[in-house]
Amino acid sequence: MVTRENVKLLVVIAVMVLIGSALPAAAIIANADKVDGFHAVGSGASVSARKGKLVATSKTNGRLPNNIIGTAPDAAKLGGKAAADWRTLSFPMTSGQLSGSQNTAVSLGSIVTVNESAATSWWISFMVPPTHTASTPLSLDLVYSVDSPDACVWKAETLGAVSEIGGTTSARSWFITDVSTSSPISVPAGSPTVYKQTFHLQGTVAPLSTVKFGLFRVEQLTNPCGEVNWRGVLVHY
C-alpha cells in the first residue's frame, strides 16, 4: 500500500540520487581547462606565461617551441670532450719534405734519422683553419720512437715561419715544451718505445695563415739514442 510516508521517502531518495550524480559533473565542468590539475597554454605562449603549465604542440607543424628546454649542460661538448679538443690537424711524416738526405731515410711511412746532422731536416707547411681563434695558442705533437731499450738523450732543433694574408712572412720559434729549442729530450728506459714531444709556436697566428714547422737533430758528441724514428705529427689549433 502506498502511503504518504512512502511517497515522502521516495522523493527524498530521488533528490539525493540527482544531487549525487550532479556533483561529479560539476567538478568536471569546474576543471575542464586542466589536465591532471595542470592548466595548458598554446605553443606560442611566452616562457613566463607557461611556467607550471602544459604546453601544446604547434597547430602548424605539430612541434614544441625551440626554447622549450634550456641549453643542456654539456651542449658545448661532443662525445664528452670540449670543442677545443677536436680542433686538430693530423699529418703523416711523409707528407712533409726532406731537405738533404744525409743520414736520413724513409721507412714504413716514417722518417728515420740515423745520426745527428744539421744538413738534413724535415719540414711541413700547413694552413691554419678558418675556425681557429687568433688568441688560441698553436702547438704540435711529434710522435717518435728510438731503437735503444736503455735511457738516452737526443736533441732537436726547430725552425718556423708564419705567413699571414695581407702581411709579410715572419720567422717564428717553436719551443720544446716551453723550453728553448735545441734542448735535450730525455727518453726513459724500458717500454714503451714510442713517445710524444710537444712543440709550441711562439706568439699567435690569424686564421688562414700558413705555418711552417721544421725539425732536425742537433749534433752531439755522443749518439746515445742511435736512430730516432719520427712517426707522425698532430697540430692543435
Side-chain angles (χ1 to χ4, degrees), residues 84-129 136-163 169-205 209-237:
D85 295 333
W86 297 100
R87 293 198 294 264
T88 57
L89 300 171
S90 179
F91 301 101
M93 299 303 293
T94 49
S95 65
Q97 297 188 32
L98 281 171
S99 175
S101 59
Q102 181 181 353
N103 297 324
T104 303
V106 178
S107 175
L108 298 177
S110 59
I111 306 299
V112 181
T113 53
V114 181
N115 296 303
E116 310 91 335
S117 174
T120 302
S121 62
W122 175 89
W123 60 273
I124 190 171
S125 293
F126 58 90
M127 180 172 283
V128 180
T136 302
L138 200 71
S139 63
L140 182 148
D141 292 337
L142 170 68
V143 176
Y144 69 94
S145 62
V146 296
D147 64 348
S148 174
D150 301 320
C152 60
V153 175
W154 68 286
K155 286 187 178 181
E157 189 160 308
T158 62
L159 55 90
V162 175
S163 302
T169 300
S170 60
R172 297 286 187 92
S173 297
W174 289 87
F175 293 94
I176 303 174
T177 53
D178 296 326
V179 180
S180 176
T181 56
S182 190
S183 298
I185 298 176
S186 299
V187 178
S191 297
T193 57
V194 178
Y195 307 92
K196 182 187 75 172
Q197 193 68 44
T198 301
F199 298 82
H200 303 275
L201 181 66
Q202 181 186 45
T204 58
V205 295
S209 299
T210 301
V211 177
K212 180 179 180 179
F213 173 83
L215 176 71
F216 57 87
R217 292 182 68 175
V218 179
E219 290 190 50
Q220 296 171 249
L221 296 177
T222 58
N223 185 18
C225 276
E227 292 184 357
V228 175
N229 193 332
W230 301 337
R231 296 183 174 274
V233 293
L234 182 68
V235 175
H236 300 267
Y237 65 90

I185 side chain near V228 side chain, heavy-atom distance below 4.5 Å: no
Any side-chain heavy-atom pair from V205 and R172 closer than 4.5 angstrom? yes
Return the NE2 to CG distance between H236 and L234, rounded to the nearest 0.5 Å. 4.0 Å
Shortest non-hydrogen contact between R231 and V194, atoms and distance: NE-CG2, 4.3 Å
Between Y144 and W154, what is the ring plane arrangement, given parallel below 30°, perpendicular above 60°, and tilted in between? perpendicular
Would you say the side-chain atoms of W174 pair up with the backbone N or O of K212, donor to acceptor, closer than 3.5 Å? yes
Tightest non-hydrogen contact, residues F91 and F126, listed as CZ-CB, 3.5 Å
Would you compute the distance between atom OG1 of T94 and atom CH2 of W230 and round it to the nearest 0.5 angstrom? 14.0 Å
Within this structure, what is the CD1-CG distance for the pair I176 and L142, rounded to the nearest 0.5 Å? 9.5 Å
Check V233 against M93 and note the closest heavy-atom contact, atom names and distance. CG1-SD, 3.9 Å
Evaluate the side chain to side chain contact (heavy atoms under 4.5 Å, CB included) criterion for residues V235 and L138: first the C-alpha distance (whole Å), next the side-chain angles of each, then the deciding distance (0.1 Å), finally the verdict. CA-CA 7 Å; V235 175; L138 200 71; 4.2 Å; yes
Min side-chain heavy-atom separation V146-Y195 under 4.5 Å: yes
Kindly give the heavy-atom pair with the smallest separation between Q202 and F175, and that separation in Å. CB-CE1, 3.6 Å
Heavy-atom side-chain proximity of F213 to T158 below 4.5 angstrom: yes
Give the minimum heavy-atom separation between A151 and A189, together with the two atoms involved. N-CB, 3.4 Å
